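Starting from 1, each residue takes its place in the sequence as its number. Because the structure is predicted, anything quoted here is derived from the model rather than measured.
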Amino acid sequence: MLLVADIGNSSTVLGLWASDGRIVRRWRVRTDGRWTPDEAGVLLQSLLAGATLESRASPPVSLSGGCFASVVPPVTGTLVEAARRYLGIAVRPFRYAAELGIRLEVDEPGQVGADRVANTLAAHLAYPGPAIVVDFGTATNFDVVSADGAFLGGIIAPGLESGFELFAGRTALLPRVAPDFPASFIGRTTVTSLQIGVYRGATVMVDGLVAALRAEWDPGARVIATGGLAPLLAPHCRTVEILDPDLTLKGVGWGHDRLYPRTV
């Protein structure tokens, strides 16, 4: 198996990639720039030991290597070194290259994050046809992917958690609220008013932006949701057709096979 990772500003998602394209185990941890290689190594060992116990596998999970997509280079270096020391594997970087079989048809291809490249590759391979990938992370990204595998650009909107943190930090009297989606759009309490604004507001934003993208580009584009908050928000978005929390990790795994075929 291959250890794959999507290292983001707020969260790091790690997974075990099987040769048949499945993510057989996934973990989400908070990205911490203070990690030392030893701390990160102990974490990786603990996660893999837990996976072995859960599956009752014998012998323990065997890793052939690793491939990480990242937008946080300092944390990437720490995790790569941790994997070398504690797991005994070499980790390769996931990056854009022609070998991936996709294209970046944007004005600044060098500025496209590795996670968006991975989403483009995974959407193209797993869900052929024109697609809009909605990635619910620190930001909410909308990635527009053509039927022939070109990343055409998209939208970067505020993420639910980051937006709410800013909102709560500047309004001392407003409470934190549990995720909920009130049926009415008229809040009769402070809590329901916040839930409508934060959670219902996020789904309305997604549906509105997807509708605008479809109207400008392709009315039949399929909408795929991924990211940490996708299971919470996607079921409440009218426009989302597919929920695939593992989409980015799948892209990293497929990318590894195409970028480094001799190591598979």
Side-chain angles (χ1 to χ4, degrees), residues 3-18 21-31 47 50-51 54-55 69 71 113-116 118-123 125-127 131-145 154-165 167-168 176-183 185 191-192 194-211 213 221-254:
L3 180 67
V4 291
D6 172 23
I7 304 169
N9 290 295
S10 299
S11 298
T12 293
V13 185
L14 300 120
L16 298 178
W17 160 266
R22 291 179 302 120
I23 300 297
V24 299
R25 188 69 172 84
R26 170 169 38 95
W27 305 274
R28 180 177 296 274
V29 299
R30 187 173 298 279
T31 301
L47 295 176
E54 288 175 11
S55 64
V71 296
D115 52 342
R116 304 186 83 176
N119 285 343
T120 298
L121 178 60
L125 295 179
Y127 307 103
I132 299 168
V133 178
V134 184
D135 191 342
F136 294 96
T138 304
T140 301
N141 290 341
F142 297 73
D143 302 329
V144 178
V145 184
I155 299 169
I156 301 175
L160 187 150
E161 286 187 339
S162 56
F164 187 68
E165 288 292 334
F167 182 49
R176 288 185 171 274
V177 297
D180 199 7
F181 298 83
F185 273 82
V191 167
T192 57
L194 282 168
Q195 289 169 331
I196 295 165
V198 173
Y199 299 105
R200 283 290 183 197
T203 64
V204 170
M205 177 192 74
V206 168
D207 288 336
L209 290 177
V210 166
L213 288 170
R222 178 180 289 168
V223 180
I224 309 160
T226 193
L229 291 171
L232 172 67
L233 293 172
H236 298 276
C237 297
R238 293 181 294 100
T239 53
V240 171
E241 298 164 86
I242 297 170
L243 172 60
D244 189 344
D246 295 326
L247 188 74
T248 311
L249 293 184
K250 289 176 181 177
V252 175
W254 276 314

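When every heavy atom of Leu247 is checked against every heavy atom of Ala123, the shortest pair comes out as CD1-N, 4.0 Å. Nearest approach of Met205 to Pro158, heavy atoms of both residues: CE-O, 4.2 Å. Closest of all the heavy-atom pairs between Leu121 and Gly251 is CD2-O, 3.5 Å. What you find for Ala221 and Glu241 is that their closest heavy atoms are O-OE2, 3.7 Å. The minimum heavy-atom distance linking Ala69 with Val252 is given by the pair CB-CG2, 3.7 Å. Closest approach of Thr140 to Gly159, counting heavy atoms only: OG1-CA, 3.7 Å.
Inter-residue side-chain proximity for Leu160 and Val198 is flagged as met; some heavy-atom pair is nearer than 4.5 Å. Residues Val204 and Phe185 have side chains in contact (heavy-atom distance under 4.5 Å, counting atoms from C-beta outward). At a threshold of 4.5 Å between non-hydrogen side-chain atoms, the residues Leu233 and Val134 do not count as touching.
Each side chain to side chain donor-acceptor pair (under 3.5 Å) pair with one or both residues in residues 224-239, not counting sequence neighbours, appears once here: Asp207-Thr239.
Taking Pro235 as the reference, nothing meets the side chain to side chain contact (heavy atoms under 4.5 Å, CB included) condition, with sequence neighbours excluded. Judged as a side chain to side chain contact (heavy atoms under 4.5 Å, CB included), and not counting sequence neighbours, the contacts of Ala225 are Phe136, Ala230, Ala234, Val240, Leu243. Residues passing the side chain to side chain contact (heavy atoms under 4.5 Å, CB included) test with Leu213, sequence neighbours excluded: Ile132, Phe142, Val144, Ile155. Not a single side chain to side chain donor-acceptor pair (under 3.5 Å) links Arg28 to another residue, sequence neighbours left out.
One N or O on the side chain of Gln195 and one on the backbone of Ala178 form a donor-acceptor pair closer than 3.5 Å. With Asp180 contributing its side chain and Pro182 its backbone, the two residues share no donor-acceptor pair below 3.5 Å.
The CG atom of Leu249 sits 5.0 Å away from the CD1 atom of Ile23 when rounded to the nearest 0.5 Å. The distance from the CD1 atom of Ile156 to the CG atom of Asp135 is 11.0 Å, given to the nearest 0.5 Å. Separating the OH atom in Tyr199 from the CG atom in Leu229 is a distance of 8.5 Å, to the nearest 0.5 Å.
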Val145 and Tyr127: CA distance, side-chain angles, deciding distance, side chain to side chain contact (heavy atoms under 4.5 Å, CB included) verdict:
CA-CA 11 Å; Val145 184; Tyr127 307 103; over 6 Å; no
Can you give each donor-acceptor pair under 3.5 Å made by side-chain atoms of residues 4-17, sequence neighbours left out, with the distance rounded to 0.1 Å?
from, atom 1, to, atom 2, distance (Å)
Ser10, OG, Thr138, OG1, 2.8
Thr12, OG1, Thr31, OG1, 2.8

